[in-house]
Amino acid sequence: VEAQISTIAGAAGKTDFVVIVLRDVTQRQRVEQMRVDFVANASHELRTPLASLLGFVETLQGPARNDAAAREKFLDIMRAQANRMSRLIDDLLSLSRIELNAHVRPDKPIDLNIVVGHVADTLAPLAEDRGVALTIDKRLPALEVLGERDELIRVFENLVENAIKYGASGGKVEITLESQPRARGKGAEAVVTVRDYGPGIEAEHVPRLTERFYRVDVAKSREKGGTGLGLAIVKHIVARHRGRLVIESVPGEGAAFSVRIDQLG
Ligand code: ADP
């Protein structure tokens, strides 16, 4: 606790009032610690591919100078590492842009049916590569919310891409769009659920999945081209839409990620 004491002088220099302001600084310290951790993590994540790139440059200038086969192989790896750095920087920039706008409520009517249809088209080739059957179940002709189209596309791209990547290869990924009455109060919520039938997630990890750089299996995430920022971005965008992200998983049976946002009308 931080205390600030001021005195207010009365007549003839006498102290009439003493004002004591007590402030709980634990929350501020926690935020500061998170910021420090975030910078340290981000630097580490960027340094890893950079160190690998530098290592290959040295090998190419030295021992592998005249080895054409090695050169081709190394250049492929270098390209992959550079792409990874580029994805990481894009995600970091997205996060800071969304945070900057956190207090601005998106205000355009958006039909989630159209957004999800667009995402499914974009990810159809990835699903096909992994032998995953991607299905969409639209329960209504339109499902409108107030939103930012590009951000909502980002949300469902991340969720569907994760379901394809971490779900069972050769399995299925189902997207359901429906309207449900709000738990409290009037009106309805638009609910979009992305479900896979892969290994799922152990309960202890579930609450931490939306932390920046949190991954259940770092090696697996890297191998699949992940940055560890996808779900953090999803959480921030959903929060800006005054919505909720609900994660449910039964280990061994699969995972379901639901986005709930107030429905228009
Ligand atoms: P990444 O770039 O690692 O995919 P995300 O923030 O998108 O980062 O996801 C964080 C972690 O959550 C992943 O590394 C993975 O361990 C876990 N995860 C996300 N989606 C799923 C899923 N559908 N099934 C199992 N694990 C998942």
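Quick note: numbers below take in every heavy atom, side chains included, and nothing from hydrogens, waters or symmetry partners. Whatever order the structure lists ligands and atoms in, that order sets their numbers, starting from 1.
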For the residue pair Pro109 and Leu146, what are the closest heavy atoms and their distance?
-> N-CD2, 4.0 Å
Hey, does Leu209 come in under 3.5 Å of ligand 1, counting only N/O atoms on both sides?
-> no
Using a cut-off of 6.0 Å, state whether more than 12 heavy atoms not belonging to Lys73 lie near its atom NZ.
-> no
Taking atom 16 (O) of ligand 1 as the reference point, the nearest protein heavy atom with its distance = Val216 N, 3.2 Å
Would you mind checking which non-hydrogen protein atom is closest to atom 14 (O) of ligand 1, with the distance to 0.1 Å?
-> Arg215 CG, 3.1 Å
Within a distance under 4.0 Å of any heavy atom of Gly230, pick out the atoms of ligand 1 and give their elements.
-> 5 (P), 6 (O), 7 (O)
Could you tell me whether Gly228 and ligand 1 have an N or O pair separated by under 3.5 Å?
-> yes
The atoms of ligand 1 lying under 4.0 Å from a heavy atom of Gly226, numbered in the order shown, are 1 (P), 2 (O)
Val238, Val246: one ILVMFWY side-chain cluster at the under-4.5 Å cut-off?
-> no
With a 4.0 Å heavy-atom cut-off (strictly under), which part of Leu231 contacts ligand 1: side chain, backbone, both or neither?
-> both
Among non-hydrogen protein atoms, atom 18 (N) of ligand 1 lies closest to Tyr166 CD1, 3.9 Å
Pairwise side-chain contact, Ile136 with Leu177, heavy-atom cut-off 4.5 Å (strictly under) | yes
Distance to 0.1 Å, residue and atom name: give those for the protein heavy atom nearest to atom 19 (C) of ligand 1.
-> Asn162 ND2, 3.6 Å
For Arg182, enumerate each residue passing the salt bridge (charged side-chain N to carboxylate O under 4.0 Å, His left out) test, keeping only those at least two apart in sequence or located in another chain.
-> Asp262
Under 4.0 Å from one or more heavy atoms of Thr227, ligand 1 contributes atoms 2 (O)
Between Val234 and ligand 1, which residue portion shows a heavy-atom distance shorter than 4.0 Å: side chain, backbone, both, or neither?
-> neither
Which ligand 1 atoms does Tyr214 reach within 4.0 Å, using its non-hydrogen atoms?
-> 10 (C), 11 (C)
Asp196 neighbourhood, listing ligand 1 atoms whose heavy-atom distance to it stays under 4.0 Å = 22 (C), 23 (N), 24 (N)
Neighbour count above 12 (heavy atom, 6.0 Å) for Glu128 CD = no
Parallel, tilted or perpendicular, as decided by the 30° and 60° cut-offs, for the rings of Phe213 and Phe38 | parallel
Does atom CZ of Arg79 have more than 12 heavy-atom neighbours from other groups under 6.0 Å away?
-> no
Quick one: look up the protein heavy atom nearest atom 25 (C) of ligand 1 and list residue, atom name and how far away it is.
-> Ile201 CG1, 3.5 Å
Using distance alone, determine whether Ser221 and ligand 1 share an N or O pair under 3.5 Å.
-> yes
Which pair of non-hydrogen atoms, one from Ala232 and one from Glu211, has the smallest distance, and what is that distance?
-> CB-C, 4.3 Å
Given side chains that start at C-beta, do those of Val119 and Ile175 come closer than 4.5 Å, heavy atoms only?
-> no
